[in-house]
**Student:** 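Here it is: the structure, laid out below.
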Amino acid sequence: MTLLNIIIAVAIGTAIWTASMAVIRAVANPPPAVDPDDVVETLRRFRCSLCGTEVTMTATNTTASNPPRHCREEMDEVPVT
């Protein structure tokens, strides 16, 4: 092995280790806690315009105003019957 091969191997190993540690840190940190006072009861129905999946939402966060996403698109609100 030449010195150049060793330097390249160490650089690749360092890059893999750095990326792995970043992923582990991101997964290890829990999401922020939700304040129970911000959760309110609701009755809303949503339907995915692409595949037709329906979701009935019975509780929501008061700060969340966007509809849920499915198939990478926002779902359409359906009147509750």
Side-chain angles (χ1 to χ4, degrees):
M1 288 182 77
T2 64
L3 181 61
L4 182 60
N5 288 345
I6 294 172
I7 292 172
I8 291 172
V10 169
I12 291 173
T14 303
I16 291 172
W17 183 81
T18 304
S20 300
M21 292 307 292
V23 168
I24 290 171
R25 282 188 197 104
V27 172
N29 291 334
V34 177
D35 185 12
D37 294 335
D38 288 343
V39 178
V40 293
E41 289 187 25
T42 185
L43 184 59
R44 296 172 69 186
R45 288 180 57 199
F46 296 94
R47 180 180 294 135
C48 178
S49 59
L50 297 177
C51 69
T53 300
E54 290 190 13
V55 174
T56 301
M57 187 177 293
T58 58
T60 186
N61 192 335
T62 57
T63 60
S65 60
N66 295 337
R69 297 177 63 90
H70 194 265
C71 295
R72 296 186 180 178
E73 297 289 329
E74 287 188 353
M75 298 177 87
D76 301 323
E77 190 162 2
V78 179
V80 177
T81 56

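Numbering starts at 1 and runs along the sequence shown.
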**Student:** Is any side-chain heavy atom of V55 closer than 4.5 Å to one of M75?
**Tutor:**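 Of all side-chain heavy-atom pairs linking V55 with M75, at least one is under 4.5 Å.
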
**Student:** So, taking the atom named CE in M57 and the one named CZ in R45, what distance separates them when rounded to the nearest 0.5 Å?
**Tutor:** 13.0 Å

**Student:** With rounding to the nearest 0.5 angstrom, report the CG to CG distance, N61 to D37.
**Tutor:** 11.0 Å

**Student:** Treat each ILVMFWY residue as a node, draw an edge where side-chain heavy atoms are under 4.5 Å apart, and state whether I24 and I16 are in one component.
**Tutor:**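 Result: no, two separate clusters.
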
**Student:** Cluster question for you: counting only ILVMFWY and a side-chain heavy-atom cut-off of under 4.5 Å, with indirect links fine, are I12 and L4 together?
**Tutor:**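 Hydrophobic grouping puts I12 with L4.
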
**Student:** Could you tell me the separation between the CG atom of D76 and the CZ atom of R47, rounded to the nearest 0.5 Å?
**Tutor:** 8.5 Å

**Student:** State the CD-SG distance between E74 and C48, to the nearest 0.5 angstrom.
**Tutor:** 11.5 Å

**Student:** Could you walk me through whether L50 and E73 pass the side chain to side chain contact (heavy atoms under 4.5 Å, CB included) test, one step at a time?
**Tutor:** CA-CA 8 Å; L50 297 177; E73 297 289 329; 3.7 Å; yes

**Student:** What's the separation between atom NE2 in H70 and atom OG in S49, rounded to the nearest 0.5 Å?
**Tutor:**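 So the gap between those two atoms works out to 11.0 Å.
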
